[in-house]
Amino acid sequence: MFRSQCPACGAPLNFQSAASTFAVCSYCSSTIVRKDEVLESLGKIAQLIDDASPVQLGAQGVYLTQAFQVIGRIQYHYDVGVWNEWHVMFASGRTAWLSELNGRSTMTFLQEGSQELPAYEQIKPGLQLTLQTQLYEVAYLAQARVVSGQGELPFAIGAGYEAPVVDLRGVGHPGFASLDYSDRAAPRLYLGLDVPLAALKMSGLRQERLKELKADSIRALQCPNCGAAVQVNRADTRSITCAACHSTLGVEVEGIALLKKYEKAEFTEPPIPLGQVGVLEGSTWTVVGFLQRYVEEEGTRYFWDEYLLLEETSGSYAWLTSDSEGWKFGKTLEAVPEVRGQTAIWNKEKYSLTEKGNALTDYVLGEFNWRIMQGERASYRTYKRGNTVLSMEKTASEISWSCLEEISPAGLSAAFKIKVPPVGGGSGFSGLSMPASGLGSAATVGDAISTPFKRKGSGWAIFYIILIIIFLIWVLSRNDCDPRVENCSSSSYSRGFSSGYSSGSGSHK
Ligand SMILES: [Zn+2]
Ligand SMILES: [Zn+2]
């Protein structure tokens, strides 16, 4: 340890790691650069934004079998909030970065050496890179900016410092990689693992802060569109819909912004309402968000529904989807399945490509841990094996995978203590998004449109019947199976997607 004094205020200033060349004085917030044994002040740094992190300087933990201590911090701001990179030192003297956001965390180690990395402009979600012999896929891109820092760091930082960062997930392995393009000419590569904060057995956390957060995470804000009161219930909420005008609102560190006004005259009540609680796979889930999405093909919109579920104790999220084939339940994957042609391999099992297209989010209701928007587009691919579905979704800045399994409407009704319809899938023209097996069966068509999504007004009934006739003619005349897609004959008419949409902010580290 190198012991000295802050050149600005004279307070004691210690460097625990020999690799630390930069520090922020905890007394006067001056940024101090260390050259050999001489300290020089570079001036004061901006204040940290008070965030939800339970980690703090001095906290200790165990990564795999190695004990570590938190010695520094860089706080970043990106499009939807702030996150921290905690500089940690192991007993051996080796240092690493603990990146932490909403209970999820990664531990990564700087890789020195001659790894060839692509230019930042070439990076896009889905790009695969071999890093130190293993394959990784770009999952997320963020344009981040340094807010402030704390403690000791291996390089100098300043507020406003631009840091484009890229997160990558291991393809078929649990590795996690991060690229920092702060210096475009010499990007830094970090490799490590995605580990839940709970697995790091940390001590010295801000317990009192956690309690505080529980108490003040409920924030009362005002809708910028209609002025109604909007209650934000969780610390990790990034977007919420106004219960009065149904506009989608973005929750900022301070305050709230209008993302999108709701333009339709009517709005949809989901079959399982927000706030409904159910027990699935031994965990208690609360419905916190609802999305209605569709894919358009030859002028017809095929709808399906997605529910965002929250397990309050662990803060983890899951998905419940409902489409013309029924209901599915599952979670976002933390590693990437391996894709070979029309096959995705996950846990050594092969899944076949059954659907692909562009999904549009048509309707948004509730509270989300990422910035969601009505009208948002994502390309998707669905792979199936028996009753299990792997779903990939890609936007301009993110790619995510989820795994969902069929769940019976009866089981779901029992779990949520509410009668759920046997199939879901949509408002408006939902009668058209039915399984192939149901074609020609008036009962099935009737059932499909008498879901709670049915729009009011009897004039619609005639319209539906005409549309159904047109649809049947179209189906009977259609014979253009894509030979590349397996099971085409049985699935091409049923837009049975189960797209596990994943969180943008939540998946970032
Ligand atoms: Zn000082
Ligand atoms: Zn409003």
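One-based numbering, in listed order, for ligands and for the atoms of each. Please read all numbers here as calculations on a predicted model, not as lab measurements.
With a cut-off of 2.8 Å, the protein N/O/S atoms near the Zn ion (ligand 1) add up to 4.
S105 places a side-chain N or O within donor-acceptor distance of the main-chain N or O of V195, the cut-off being under 3.5 Å. Of the possible donor and acceptor atoms, one in the side chain of W327 sits under 3.5 Å from a partner among the backbone N and O of P421. In this structure, Q292 contributes its side chain and F303 its backbone to no donor-acceptor pair below 3.5 Å.
Aromatic ring centres of F290 and Y307: separated by under 6.0 Å.
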Distance-only criterion, 3.5 Å: show the donor-acceptor pairs between side-chain atoms of residues 149-162 and protein atoms not counting sequence neighbours.
| unit_1 | atom_1 | unit_2 | atom_2 | d |
| --- | --- | --- | --- | --- |
| Q150 | OE1 | R73 | NH1 | 3.1 |
| E152 | OE1 | Q16 | N | 3.1 |
| E152 | OE1 | S17 | N | 3.0 |
| E152 | OE1 | S20 | OG | 2.7 |
| E152 | OE2 | Q16 | N | 2.7 |

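Defined by atom type and a distance below 3.5 Å, a donor-acceptor pair is missing between the side-chain atoms of S239 and R371.
Rounded to 10°, the angle formed at the Zn ion (ligand 2) by SG of C242 and SG of C245 is 110°.
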